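Per chain, numbering begins at 1; letters A, B, ... match sequence-line order. Treat the numbers as computed from the prediction; the structure is a model and nothing was measured.
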Amino acid sequence: MEEEQEGQGSIQESLKRIDNNIWEIPIGTKPGMNVPGRIFLSDKLIHNLEPEALDQVANVAMLPGIQKYSMAMPDAHLGYGFPIGGVAAFDEEEGVISPGGVGFDINCGVRLLRSNLTVDDVRPVMKELTEKLFQSVPAGVGSKSRLRASDSELDDIFLHGSRWAVENGYGVEADLEHCEGGGCIEGGDVSHISAKARKRGKPQAGTLGSGNHFLEVQYIDQIYDQEVAEKFGLEEGQVTFMIHCGSRGTGHQICTDHLRTISQASKKYKIALPDKQLACAPAQSDEAQNYFRSMICAANYAWNNRQIITHWTREVISDIFRSDMDELGLDLVYDVAHNVAKLEEHTVDGKKKNVYVHRKGATRAFPPGHKEVPQAYRDVGQPVLIPGSMGTASFVLHGAEASMDISFGSACHGAGRVMSRAHAKKEFHGEDVKSDLEKSGIMVRAAHPSVIAEEAPEVYKSSSDVVNVVHDLGIAGKVARMMPLGVVKG
DNA sequence: ATGTGC
């Protein structure tokens, strides 16, 4: 009987419009909610919101110690326990930590390199450039790196992130300054990382992976905010390089391993779970802290991964254009995590306090003046990087004031799927998608044609619709739009 | 996302 009351539709009917682009699931819509749900959506996007994702927002609101709201960004869709596009903050003492709130691909994220090249410089060499990037950066499921990390090197990567790469010749000091958290979260601990996770990690430092991960050559076709663009070193017609990947097999394994101990902990500490996938443990318990410190290691692994790929990307470009690095201006603009939990200071009910912010398919968007924004960007807020799907536009935004008030300093992360991988493979043929893209001037090089079908532009929401929601809310302001010229995929 | 399965 209860099932019937909770049937699909009821939760959608309970949605209340709070403001333009803000919808609420009131407390009590499902029994046990501690806070309301908040979904940031335009009227245009509300129709393709999955009811199951909405249900997940309400479920997350039931977890102990959740602060203010269980939130979902405009690109939200169904995920493991928590929706992808979900943001949830938990009290440092009374709250919980949950692997489902971070996701399997710990610190899946994006970085952007600028250059002094123009679209006219690269068009004639796009075939060679795409091919050489594909040759240089291993891509695909199970792909292995030219690098083999020793045990002590792996520890170093887990604890120090991008710094390992920079100290070993894969980048420069400025790369660390222009990266969220300096390319490292402090407080990692390798003692609860399994031998299996280590084994998977050793040969994969410097690999792209598969799925929606990519390395893309782009050009800026539109500037929305001239002043901020200048601060970020961006201008119209300029070529940029975007790297989107995560912590590969090691992050996946760390998540899998700790889900087991955290599930047991949920029972041990008698936490009522509306969904087993929301397994969590009291934030200060050993189980939660062991997961958290291992998750930090995976996050650091991912930053180091993107740093090594950055180095190989620079080598290829310098080789093709026969210029040195200074002339090419291949500076890192910024690097953001899309899947991570962090202990941050936020204001709740007028009081400053530390909370564990879980961002799963969401980007940190700290505003001007925030102490964690690099000095060079301090006046304008951190860069917020939003990749498009294959063949579509990507965006640079800057963190804006409202983010701290309404979303724990967070914005959206991308376009968001509208069609399953399985469905996409039936609907599209990789070779056809590839030749269509090439006709529109976009080179594609992939390890597997099936990935091209799964990632066809049609299977994603429009990234510009998603970006417009966070822009209009004042969470993050639009700075520039990039269009793809060539893409390397797994 | 993932050495693509409980």
Side-chain angles (χ1 to χ4, degrees), chain A residues 53 56 75-86 98-110 137-145 148-149 193-215 243-260 263 276-277 279 294-295 297-299 301-303 305-306 309 336-341 358-363 387 389-390 413-426 430 446-456 459-460 488-490:
Chain A
Q56 291 188 322
D75 47 341
H77 56 283
L78 187 72
Y80 180 89
F82 288 60
I84 295 163
S98 174
V102 173
F104 280 85
D105 192 4
I106 296 164
N107 193 4
C108 174
V110 182
V137 180
V141 179
S143 56
K144 296 199 169 162
S145 177
R148 286 291 176 280
I193 296 176
S194 68
K196 208 169 171 184
R198 296 183 68 93
K199 189 176 177 215
R200 290 178 75 173
K202 282 184 184 179
Q204 291 189 322
T207 62
L208 203 54
S210 181
N212 64 354
H213 292 163
F214 62 72
L215 196 176
I243 296 163
H244 180 199
C245 61
S247 52
R248 308 286 286 107
T250 202
H252 193 272
Q253 192 64 48
I254 286 170
C255 179
T256 303
D257 293 339
H258 283 268
L259 268 171
R260 182 175 307 155
S263 292
K276 279 183 181 165
Q277 295 185 348
S294 308
M295 181 219 69
C297 293
Y301 182 99
W303 271 311
N305 188 25
R306 294 196 283 276
I309 294 172
V336 293
H338 283 168
N339 283 11
V340 83
H358 294 56
R359 297 190 182 91
K360 180 191 196 177
T363 316
S389 51
M390 186 176 59
H413 88 306
R417 241 170 209 287
V418 292
M419 192 189 294
S420 72
R421 292 183 181 281
H423 190 172
K425 273 197 276 197
K426 283 185 193 158
H448 258 288
S450 62
V451 174
I452 305 180
E454 290 174 11
E455 297 295 318
V459 313
Y460 284 91
V488 172
K489 291 199 67 81

Legend entry - Any donor-acceptor N or O pair under 3.5 Å, side chains A:Arg421, A:Ser450: no
Legend entry - Of A:Asn305, A:Val137, A:Thr207, the residue whose pairing with A:Ser145 passes side-chain contact (heavy atoms from CB on, under 4.5 Å): A:Thr207
Inset, instruction - May I have the distance from A:Lys489 (atom NZ) to B:dT2 (atom P), rounded to whole angstrom? - result: 11 Å
Legend entry - Sidechain N-carboxylate O distance under 4.0 Å for A:Glu455, A:Arg417: yes
Inset, instruction - Map A:Arg417 and A:Val141 onto DNA chain B by nearest heavy atom, then report which one ends up closer to the 5' terminus. - result: A:Arg417
Inset, instruction - Respond yes when some side-chain nitrogen or oxygen of A:Arg248 is under 4.0 Å from OP1 or OP2 of B:dT2, and no when none is. - result: yes
Legend entry - Spacing of A:Asp105 atom CG relative to B:dT4 atom C1', expressed in whole Å: 14 Å
Inset, instruction - Check side-chain contact (heavy atoms from CB on, under 4.5 Å) between A:Ser98 and all other residues, then give those that pass, not counting sequence neighbours. - result: A:Phe82, A:Cys280, A:His358
Inset, instruction - Return the value, rounded to whole Å, for the distance between atom CG of A:Asn339 and atom P of B:dT2. - result: 11 Å
Inset, instruction - Would you mind reading off the distance between A:His423 atom NE2 and B:dT4 atom P, rounded to a whole angstrom? - result: 24 Å
Inset, instruction - Would you kindly give the CG-to-P distance between A:Asn107 and B:dT2, to the nearest whole Å? - result: 13 Å
Inset, instruction - Round to the nearest Å and state the distance from A:His252 atom NE2 to B:dT4 atom P. - result: 9 Å
Inset, instruction - Check every strand shown and say whether A:Ser210 touches a base, only sugar-phosphate, or nothing at a heavy-atom separation below 4.0 Å. - result: sugar-phosphate
Legend entry - For atom OH of A:Tyr301 and atom C1' of B:dT2, their distance in whole Å: 13 Å
Legend entry - Rounded distance (Å) that lies between atom C1' of B:dG5 and atom CZ of A:Phe104: 13 Å
